[in-house]
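Here the structure is laid out as C-alpha coordinates; the discussion comes afterwards.
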There are 2 protein chains.
Amino acid sequence: MTREKMNNLSHIERLCIKKGLKMTGQRRVIAHVLSHAHDHPDVEELYRRASKLDNNISVATVYRTVRLLEEKGILEKHDFGGGRARYEVTEQGTHYHLIDVDTGKVIEFEDPEHIKMIEIMAKKLGFELVQHRLELFGRRIKTEQDS
Amino acid sequence: MTREKMNNLSHIERLCIKKGLKMTGQRRVIAHVLSHAHDHPDVEELYRRASKLDNNISVATVYRTVRLLEEKGILEKHDFGGGRARYEVTEQGTHYHLIDVDTGKVIEFEDPEHIKMIEIMAKKLGFELVQHRLELFGRRIKTEQDS
DNA sequence: ATAGTTGCAAACTATTTGCTTTTGA
DNA sequence: TCAAAAGCAAATAGTTTGCAACTAT
(Lines give C-alpha, C1' and ligand atoms only; values in the text may rest on other atoms or scores of the structure.)
Protein backbone atom coordinates (compact mmCIF):
# COMPACT_ATOMS: atom_id res chain seq x y z
CA MET A 1 0.00 0.00 0.00
CA THR A 2 1.27 3.46 -0.84
CA ARG A 3 0.38 6.79 0.60
CA GLU A 4 -1.91 7.57 -2.34
CA LYS A 5 -4.13 4.57 -1.69
CA MET A 6 -4.82 5.95 1.76
CA ASN A 7 -7.00 8.74 0.49
CA ASN A 8 -9.90 9.11 2.93
CA LEU A 9 -9.37 11.26 6.01
CA SER A 10 -8.71 9.31 9.16
CA HIS A 11 -10.19 10.12 12.52
CA ILE A 12 -6.88 11.40 13.88
CA GLU A 13 -6.19 13.43 10.80
CA ARG A 14 -9.49 15.18 11.35
CA LEU A 15 -8.49 15.93 14.94
CA CYS A 16 -5.16 17.29 13.78
CA ILE A 17 -6.82 19.62 11.31
CA LYS A 18 -9.21 20.77 14.00
CA LYS A 19 -6.19 21.64 16.16
CA GLY A 20 -4.71 23.59 13.26
CA LEU A 21 -1.74 21.33 12.64
CA LYS A 22 0.02 21.48 9.32
CA MET A 23 -0.77 18.19 7.64
CA THR A 24 2.28 16.84 5.96
CA GLY A 25 2.38 13.53 4.16
CA GLN A 26 4.20 11.93 7.06
CA ARG A 27 1.69 13.15 9.60
CA ARG A 28 -1.16 11.88 7.49
CA VAL A 29 0.40 8.44 7.41
CA ILE A 30 1.09 8.39 11.13
CA ALA A 31 -2.43 9.63 11.82
CA HIS A 32 -3.78 6.84 9.67
CA VAL A 33 -1.73 4.23 11.48
CA LEU A 34 -2.87 5.53 14.85
CA SER A 35 -6.50 5.61 13.78
CA HIS A 36 -6.34 1.98 12.86
CA ALA A 37 -4.32 0.78 15.83
CA HIS A 38 -6.43 -0.88 18.44
CA ASP A 39 -3.52 -1.73 20.67
CA HIS A 40 -0.77 0.22 22.45
CA PRO A 41 2.14 0.45 20.03
CA ASP A 42 5.51 1.93 20.88
CA VAL A 43 7.37 4.30 18.58
CA GLU A 44 9.32 1.48 16.97
CA GLU A 45 6.10 -0.30 16.08
CA LEU A 46 4.42 2.87 14.80
CA TYR A 47 7.47 3.49 12.67
CA ARG A 48 7.26 -0.04 11.30
CA ARG A 49 3.59 0.29 10.43
CA ALA A 50 3.99 3.75 8.96
CA SER A 51 6.96 2.64 6.87
CA LYS A 52 4.82 -0.04 5.26
CA LEU A 53 2.50 2.67 3.95
CA ASP A 54 5.22 5.09 3.03
CA ASN A 55 8.90 4.32 3.18
CA ASN A 56 9.80 8.00 3.32
CA ILE A 57 9.38 8.41 7.06
CA SER A 58 12.08 8.61 9.71
CA VAL A 59 11.89 7.52 13.33
CA ALA A 60 12.70 11.06 14.37
CA THR A 61 9.48 12.21 12.75
CA VAL A 62 7.50 9.55 14.53
CA TYR A 63 9.00 10.68 17.84
CA ARG A 64 8.26 14.31 17.05
CA THR A 65 4.74 13.52 15.96
CA VAL A 66 3.74 11.44 18.96
CA ARG A 67 5.10 14.12 21.25
CA LEU A 68 3.11 16.76 19.40
CA LEU A 69 -0.06 14.71 19.45
CA GLU A 70 0.41 14.00 23.12
CA GLU A 71 0.76 17.70 23.84
CA LYS A 72 -2.43 18.31 21.88
CA GLY A 73 -4.20 15.70 23.94
CA ILE A 74 -4.83 13.48 20.93
CA LEU A 75 -2.58 10.71 22.19
CA GLU A 76 -1.83 9.25 25.57
CA LYS A 77 1.55 7.98 26.58
CA HIS A 78 1.87 4.96 28.85
CA ASP A 79 4.62 3.19 30.65
CA PHE A 80 3.82 -0.49 30.85
CA GLY A 81 7.38 -1.45 31.66
CA GLY A 82 9.83 -2.72 29.10
CA GLY A 83 11.58 0.58 28.72
CA ARG A 84 9.70 2.11 25.81
CA ALA A 85 6.77 4.47 25.93
CA ARG A 86 3.56 3.18 24.42
CA TYR A 87 0.79 5.20 22.88
CA GLU A 88 -2.90 5.08 22.32
CA VAL A 89 -5.52 7.43 21.03
CA THR A 90 -7.20 9.40 23.79
CA GLU A 91 -10.72 8.28 24.41
CA GLN A 92 -13.43 10.04 26.28
CA GLY A 93 -13.57 8.77 29.85
CA THR A 94 -10.54 7.45 31.70
CA HIS A 95 -9.93 3.76 31.35
CA TYR A 96 -7.50 1.43 32.99
CA HIS A 97 -5.13 -1.30 32.03
CA LEU A 98 -4.73 -4.82 33.28
CA ILE A 99 -1.48 -6.35 32.14
CA ASP A 100 -1.30 -10.14 31.94
CA VAL A 101 2.02 -10.89 33.61
CA ASP A 102 2.44 -14.12 31.71
CA THR A 103 1.74 -12.92 28.19
CA GLY A 104 2.25 -9.16 28.43
CA LYS A 105 -1.17 -8.62 26.84
CA VAL A 106 -3.00 -5.50 27.90
CA ILE A 107 -6.69 -5.52 28.67
CA GLU A 108 -8.59 -2.27 28.91
CA PHE A 109 -11.50 -1.61 31.18
CA GLU A 110 -13.23 1.28 32.84
CA ASP A 111 -14.87 1.86 36.15
CA PRO A 112 -16.68 5.11 36.92
CA GLU A 113 -17.07 4.02 40.55
CA HIS A 114 -13.34 3.90 40.87
CA ILE A 115 -12.94 7.42 39.59
CA LYS A 116 -15.39 8.70 42.18
CA MET A 117 -13.47 6.85 44.85
CA ILE A 118 -10.14 8.36 44.04
CA GLU A 119 -11.52 11.84 43.61
CA ILE A 120 -12.61 11.53 47.21
CA MET A 121 -9.19 10.16 48.15
CA ALA A 122 -7.49 13.17 46.63
CA LYS A 123 -9.87 15.60 48.28
CA LYS A 124 -9.20 14.03 51.67
CA LEU A 125 -5.54 14.77 51.13
CA GLY A 126 -6.31 18.36 50.21
CA PHE A 127 -5.88 18.00 46.47
CA GLU A 128 -7.95 18.41 43.39
CA LEU A 129 -7.45 15.42 41.11
CA VAL A 130 -5.85 16.43 37.82
CA GLN A 131 -4.99 13.05 36.44
CA HIS A 132 -4.47 9.51 37.58
CA ARG A 133 -3.09 6.21 36.58
CA LEU A 134 -4.13 2.74 37.63
CA GLU A 135 -2.47 -0.36 36.37
CA LEU A 136 -3.21 -3.89 37.45
CA PHE A 137 -0.85 -6.75 36.87
CA GLY A 138 -2.52 -10.12 37.05
CA ARG A 139 -2.49 -13.76 36.19
CA ARG A 140 -5.34 -15.44 34.34
CA ILE A 141 -7.49 -17.59 36.60
CA LYS A 142 -7.68 -21.13 35.24
CA THR A 143 -11.18 -22.34 34.36
CA GLU A 144 -12.65 -25.68 33.26
CA GLN A 145 -12.33 -24.69 29.59
CA ASP A 146 -8.57 -24.30 29.88
CA SER A 147 -6.97 -27.48 28.52
CA MET B 1 31.33 11.96 57.68
CA THR B 2 33.38 8.95 56.69
CA ARG B 3 32.41 5.35 56.42
CA GLU B 4 33.96 4.57 59.81
CA LYS B 5 31.72 7.01 61.64
CA MET B 6 28.71 5.08 60.36
CA ASN B 7 29.26 2.15 62.65
CA ASN B 8 25.86 0.95 63.84
CA LEU B 9 23.94 -1.47 61.62
CA SER B 10 21.19 0.13 59.59
CA HIS B 11 17.78 -1.37 59.04
CA ILE B 12 18.52 -2.21 55.41
CA GLU B 13 21.89 -3.66 56.26
CA ARG B 14 20.16 -6.02 58.64
CA LEU B 15 17.77 -7.06 55.88
CA CYS B 16 20.66 -7.64 53.52
CA ILE B 17 22.40 -9.87 56.02
CA LYS B 18 19.20 -11.78 56.56
CA LYS B 19 19.05 -12.38 52.80
CA GLY B 20 22.63 -13.62 52.89
CA LEU B 21 24.14 -10.80 50.84
CA LYS B 22 27.84 -10.18 51.04
CA MET B 23 28.20 -6.90 52.89
CA THR B 24 30.85 -4.81 51.25
CA GLY B 25 31.76 -1.34 52.41
CA GLN B 26 29.86 0.16 49.48
CA ARG B 27 26.73 -1.82 50.20
CA ARG B 28 26.86 -0.81 53.80
CA VAL B 29 26.99 2.84 52.82
CA ILE B 30 24.16 2.51 50.31
CA ALA B 31 22.10 0.58 52.85
CA HIS B 32 22.69 3.35 55.35
CA VAL B 33 21.62 6.01 52.88
CA LEU B 34 18.48 4.10 52.00
CA SER B 35 17.61 3.51 55.63
CA HIS B 36 17.74 7.21 56.29
CA ALA B 37 15.98 8.35 53.13
CA HIS B 38 12.39 9.23 53.73
CA ASP B 39 11.77 10.29 50.19
CA HIS B 40 12.01 8.63 46.77
CA PRO B 41 15.52 9.26 45.50
CA ASP B 42 16.77 8.30 42.07
CA VAL B 43 20.12 6.61 41.47
CA GLU B 44 21.87 9.92 40.88
CA GLU B 45 20.67 11.21 44.23
CA LEU B 46 21.58 8.00 46.06
CA TYR B 47 25.00 8.20 44.51
CA ARG B 48 25.36 11.80 45.69
CA ARG B 49 24.34 10.95 49.25
CA ALA B 50 26.49 7.83 49.38
CA SER B 51 29.48 9.72 48.03
CA LYS B 52 29.26 12.17 50.90
CA LEU B 53 29.77 9.30 53.32
CA ASP B 54 32.40 7.54 51.26
CA ASN B 55 33.92 8.93 48.11
CA ASN B 56 34.99 5.49 46.98
CA ILE B 57 31.71 4.51 45.35
CA SER B 58 30.84 4.44 41.67
CA VAL B 59 27.46 4.98 40.05
CA ALA B 60 27.70 1.53 38.52
CA THR B 61 27.72 0.06 42.00
CA VAL B 62 24.68 2.06 42.99
CA TYR B 63 22.87 0.78 39.92
CA ARG B 64 23.92 -2.78 40.63
CA THR B 65 22.93 -2.50 44.26
CA VAL B 66 19.47 -1.04 43.75
CA ARG B 67 18.75 -3.70 41.17
CA LEU B 68 19.86 -6.39 43.59
CA LEU B 69 17.83 -4.96 46.43
CA GLU B 70 14.82 -4.67 44.20
CA GLU B 71 15.14 -8.32 43.22
CA LYS B 72 15.36 -9.23 46.88
CA GLY B 73 12.20 -7.26 47.56
CA ILE B 74 13.99 -4.81 49.84
CA LEU B 75 13.46 -1.88 47.51
CA GLU B 76 10.67 -0.76 45.24
CA LYS B 77 11.22 0.95 41.95
CA HIS B 78 8.84 3.67 40.77
CA ASP B 79 8.30 5.67 37.68
CA PHE B 80 7.02 9.10 38.58
CA GLY B 81 7.90 10.57 35.22
CA GLY B 82 11.03 12.58 34.59
CA GLY B 83 12.88 9.73 32.99
CA ARG B 84 14.69 8.23 35.94
CA ALA B 85 13.61 5.39 38.16
CA ARG B 86 13.06 6.27 41.79
CA TYR B 87 13.42 4.00 44.77
CA GLU B 88 12.05 3.55 48.22
CA VAL B 89 12.33 0.95 50.91
CA THR B 90 9.57 -1.64 50.71
CA GLU B 91 7.05 -1.27 53.47
CA GLN B 92 4.46 -3.72 54.62
CA GLY B 93 1.12 -3.03 52.95
CA THR B 94 0.76 -1.42 49.53
CA HIS B 95 0.62 2.31 49.54
CA TYR B 96 -0.03 4.87 46.88
CA HIS B 97 1.43 8.09 45.65
CA LEU B 98 -0.12 11.46 45.04
CA ILE B 99 2.16 13.71 43.04
CA ASP B 100 1.68 17.45 43.41
CA VAL B 101 1.75 18.62 39.81
CA ASP B 102 2.96 22.08 40.77
CA THR B 103 5.84 21.17 43.06
CA GLY B 104 6.61 17.57 42.12
CA LYS B 105 6.37 16.58 45.76
CA VAL B 106 5.17 13.06 46.44
CA ILE B 107 2.69 12.30 49.18
CA GLU B 108 2.16 8.74 50.31
CA PHE B 109 -1.07 7.28 51.53
CA GLU B 110 -2.77 3.95 51.81
CA ASP B 111 -6.30 2.70 51.45
CA PRO B 112 -7.20 -0.90 52.22
CA GLU B 113 -10.68 -0.30 50.81
CA HIS B 114 -9.14 0.49 47.49
CA ILE B 115 -7.18 -2.73 47.43
CA LYS B 116 -10.34 -4.73 48.03
CA MET B 117 -12.03 -2.84 45.23
CA ILE B 118 -9.40 -3.60 42.64
CA GLU B 119 -9.06 -7.22 43.66
CA ILE B 120 -12.70 -7.51 42.76
CA MET B 121 -12.09 -5.62 39.52
CA ALA B 122 -9.39 -8.06 38.53
CA LYS B 123 -11.48 -11.08 39.44
CA LYS B 124 -14.35 -9.78 37.28
CA LEU B 125 -11.94 -9.74 34.36
CA GLY B 126 -10.85 -13.29 35.11
CA PHE B 127 -7.52 -12.45 36.71
CA GLU B 128 -5.86 -12.91 40.02
CA LEU B 129 -4.25 -9.66 41.10
CA VAL B 130 -0.48 -9.98 41.34
CA GLN B 131 0.47 -6.37 41.70
CA HIS B 132 -0.89 -2.95 41.06
CA ARG B 133 -0.01 0.66 40.77
CA LEU B 134 -2.06 3.74 41.48
CA GLU B 135 -0.76 7.20 41.06
CA LEU B 136 -2.72 10.38 41.50
CA PHE B 137 -1.62 13.69 40.11
CA GLY B 138 -3.25 16.62 41.79
CA ARG B 139 -3.21 20.28 42.61
CA ARG B 140 -3.35 21.57 46.16
CA ILE B 141 -6.74 23.03 47.03
CA LYS B 142 -6.36 26.59 48.25
CA THR B 143 -7.52 27.21 51.81
CA GLU B 144 -7.98 30.34 53.98
CA GLN B 145 -4.51 29.83 55.49
CA ASP B 146 -2.80 30.10 52.12
CA SER B 147 -1.52 33.65 51.74
C1' DA C 1 6.81 33.73 0.99
C1' DT C 2 7.89 31.74 4.95
C1' DA C 3 7.09 29.52 9.25
C1' DG C 4 6.86 25.04 10.29
C1' DT C 5 8.49 20.21 9.19
C1' DT C 6 11.65 16.61 7.73
C1' DG C 7 15.78 13.50 7.39
C1' DC C 8 20.05 12.48 8.89
C1' DA C 9 23.43 11.86 11.98
C1' DA C 10 25.28 13.30 16.07
C1' DA C 11 24.14 14.18 20.91
C1' DC C 12 22.05 13.01 25.17
C1' DT C 13 20.35 10.45 29.22
C1' DA C 14 19.61 6.59 31.89
C1' DT C 15 21.25 2.20 32.56
C1' DT C 16 24.01 -2.05 31.68
C1' DT C 17 28.11 -4.68 30.88
C1' DG C 18 33.05 -6.53 30.02
C1' DC C 19 37.08 -6.91 32.09
C1' DT C 20 40.61 -6.42 35.49
C1' DT C 21 41.39 -5.68 40.26
C1' DT C 22 39.82 -5.98 44.95
C1' DT C 23 37.50 -7.92 48.93
C1' DG C 24 34.43 -10.23 52.33
C1' DA C 25 33.26 -14.73 54.26
C1' DT D 1 41.10 -19.14 49.19
C1' DC D 2 38.06 -17.76 45.71
C1' DA D 3 33.46 -16.66 44.28
C1' DA D 4 31.37 -12.45 44.40
C1' DA D 5 31.65 -7.40 44.00
C1' DA D 6 33.71 -2.99 42.54
C1' DG D 7 35.70 0.46 39.39
C1' DC D 8 36.22 2.18 35.09
C1' DA D 9 35.16 3.02 30.65
C1' DA D 10 32.89 1.48 26.74
C1' DA D 11 28.39 -0.17 25.04
C1' DT D 12 23.32 -0.02 24.69
C1' DA D 13 18.67 1.66 24.31
C1' DG D 14 15.40 5.05 23.94
C1' DT D 15 14.76 9.57 22.76
C1' DT D 16 16.04 14.39 21.42
C1' DT D 17 18.22 17.88 18.60
C1' DG D 18 21.02 20.96 15.20
C1' DC D 19 21.02 22.02 10.75
C1' DA D 20 20.33 22.26 5.88
C1' DA D 21 16.81 21.04 2.62
C1' DC D 22 11.85 20.85 1.85
C1' DT D 23 6.64 21.88 1.85
C1' DA D 24 1.95 23.15 3.41
C1' DT D 25 -0.60 27.16 3.90
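Here is how names work: the chains are called A, B, and so on, in the same order as the sequence lines, proteins then strands, and each is numbered from 1.
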If you measure from CZ on Arg14(A) to CG on Asn8(A), what distance do you get to the nearest 0.5 Å?
8.0 Å
Looking only at side-chain N and O atoms, does Arg67(B) come under 4.0 Å of OP1 or OP2 in dT17(C)?
yes
Interatomic distance, Arg28(B) CZ vs dA6(D) P [rounded to whole Å]:
11 Å
When you measure from the side-chain N and O atoms of Tyr63(A) to the phosphate of dT15(D), is any distance below 4.0 Å, counting only OP1 and OP2?
yes
Would you say Thr24(B) reaches dA6(D)'s phosphate, i.e. side-chain N/O to OP1/OP2 under 4.0 Å?
yes
So which pairs with a foot in residues 29-39 of chain B pass salt bridge (Lys or Arg N to Asp or Glu O under 4.0 Å), sequence neighbours left out?
Asp39(B)-Arg49(B)
Of the listed nucleotides dT6(C), dA25(C), dT15(C), the one nearest the side chain of Thr61(A)
dT6(C)
Protein-nucleotide distance (Asp54(A), atom CG; dT23(D), atom P), rounded to Å:
12 Å
Rounded to 10 degrees, the angle between the two terminal axes of the helix from dA1(C)-dT25(D) to dA25(C)-dT1(D), each from five pairs
40°
Of all the choices, dT5(C), dT25(D), dG18(D), which nucleotide is nearest to the side chain of Arg64(A) once you look at every atom?
dG18(D)
Between Gln26(B) and dT23(C), is there a contact of a side-chain N or O with OP1 or OP2 at under 4.0 Å?
no
Are Tyr96(B) and Val106(B) joined in one hydrophobic group, where the rule is that I, L, V, M, F, W and Y side chains link up if heavy atoms are under 4.5 Å apart?
no
Using whole Å, what does the distance between atom P of nucleotide dG4(C) and atom CD of Glu71(A) come to?
14 Å
When Ala85(A) and Leu21(A) are each assigned the nearest nucleotide of DNA chain D, the 5'-most assignment goes to Ala85(A)
Check the distance between dT15(C)'s P and Glu45(B)'s CD and give it to me in whole angstrom.
14 Å
Counterpart residues, side-chain contact (heavy atoms from CB on, under 4.5 Å), relative to His36(B) (two or more places apart)
His32(B)
Rounded to the Å, how far apart are Asn56(B) CG and dC8(D) C1'?
12 Å
Please examine the side chains of Cys16(A) and Leu69(A), heavy atoms only from C-beta on, and report whether any two atoms are closer than 4.5 Å.
yes
If we check side chain to side chain contact (heavy atoms under 4.5 Å, CB included) with Leu75(B), which of these qualifies: Val89(B), Thr65(B), Ile12(B)?
Val89(B)
Once you round it to whole Å, what is the distance between P of dT16(C) and CG of Leu68(B)?
13 Å
Heavy atoms from C-beta onward define the side chain here; which of dT23(C), dA9(C), dT23(D) lies closest to that of Lys22(B)?
dT23(C)
In sequence, state the C-alpha distance, the side-chain angles, and the governing distance for Glu135(A) and His97(A), and then conclude on side-chain hydrogen bond (donor to acceptor under 3.5 Å, both in side chains).
CA-CA 5 Å; Glu135(A) 273 132 38; His97(A) 298 101; 4.9 Å; no
Should the side chain of Arg27(A) and the base of dG4(C) be counted as holding a donor-acceptor pair, with the cut-off at 3.5 Å?
no
Nearest-Å distance, CD (Glu70(A)) to C1' (dT15(D))?
13 Å
Among the candidates dT15(C), dA14(C), dC8(D), find the nucleotide nearest to the side-chain atoms of Arg84(B).
dA14(C)
How close or far is atom P of dT6(C) from atom CD1 of Ile57(A), stated in whole angstroms?
9 Å
Any side-chain heavy atom of Phe109(B) sitting closer than 4.5 Å to one from Leu125(A)?
yes
